[in-house]
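Reading through the structure tokens given below for one structure.
All of these numbers come straight from a predicted model, not from anything done at the bench.
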Amino acid sequence: MVGPGWAVLPDHGRADRGSVAVAPVAGTLVTLHPHAFVVLTASGRGVLVHLGIDTVQLRGAGFTVHAAVGTVLAVGDPVVSWSPHDVVAGGRSAVVPVVALDAQRSALRAAAVAGTRLDAGQPLFAWS
């Protein structure tokens, strides 16, 4: 409904070690909630990152925002810290949808193989 994308399963790790969601593309942070954000590239392509499923219900609890709307980000810049472990312990999914907004599926190509481990800032997909 919003565009094609991929689902990332973060390392749940231990409760005392959170995760940092980083900018998936270089661009301007145009939307920011503790549980989700959108980065708009210079060419006008938007990427949505949603930290977990139904995490909007947490109303920001357990998320720490590191950037502000209007911030110009490089790939890999920290945006939000959170604990996938705590999200799962609270009965929610920690799966992170990463969506190319308003794009056609044919306009994207995978840059990573399903089931492989990715490091922060490593490409997930690219526009063709």
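Under the side chain to side chain contact (heavy atoms under 4.5 Å, CB included) criterion, V22 pairs with V20, A120, not counting sequence neighbours. With sequence neighbours excluded, no residue satisfies side chain to side chain donor-acceptor pair (under 3.5 Å) with S106. Among residues two or more places apart in sequence or in another chain, the side chain to side chain donor-acceptor pair (under 3.5 Å) test is passed with H66 by S81.
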Run the side-chain donor-acceptor check on residues 30-43: report pairs under 3.5 Å with partners two or more places apart or on a different chain.
from: T41; atom 1: OG1; to: S43; atom 2: N; distance (Å): 3.4
from: T41; atom 1: OG1; to: S43; atom 2: OG; distance (Å): 3.1
from: T41; atom 1: OG1; to: G44; atom 2: N; distance (Å): 3.4
from: T41; atom 1: OG1; to: R45; atom 2: N; distance (Å): 3.0
from: T41; atom 1: OG1; to: R45; atom 2: O; distance (Å): 3.3

Report, one line per pair, each donor and acceptor closer than 3.5 Å where one atom sits in a side chain of residues 57-64; sequence neighbours left out.
from: Q57; atom 1: OE1; to: R92; atom 2: NE; distance (Å): 3.3
from: Q57; atom 1: OE1; to: R92; atom 2: NH2; distance (Å): 3.2

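Minimum heavy-atom separation, A94 to P84: CB-CB, 3.8 Å. Listed here is the closest heavy atom pair of V99 and G3: CG1-O, 3.3 Å.
Residue pairs satisfying the ring-ring contact (aromatic ring centres under 6.0 Å, His included) criterion with at least one member in residues 87-116, sequence neighbours excluded, are absent. Applying the salt bridge (charged side-chain N to carboxylate O under 4.0 Å, His left out) rule to pairs touching residues 105-117 yields D11-R117, sequence neighbours excluded. Pairs of residues two or more places apart, or lying in two chains, never qualify as ring-ring contact (aromatic ring centres under 6.0 Å, His included) while including a residue from residues 91-118.
Residues V49 and P24 form a side-chain contact, since some pair of their non-hydrogen atoms from C-beta on lies under 4.5 Å apart.
Formation of a donor-acceptor pair under 3.5 Å by the H85 side chain with backbone atoms of V87 is not found in this model.
V75 belongs to no multi-residue hydrophobic cluster, having no ILVMFWY side-chain contact under 4.5 Å with any other such residue.
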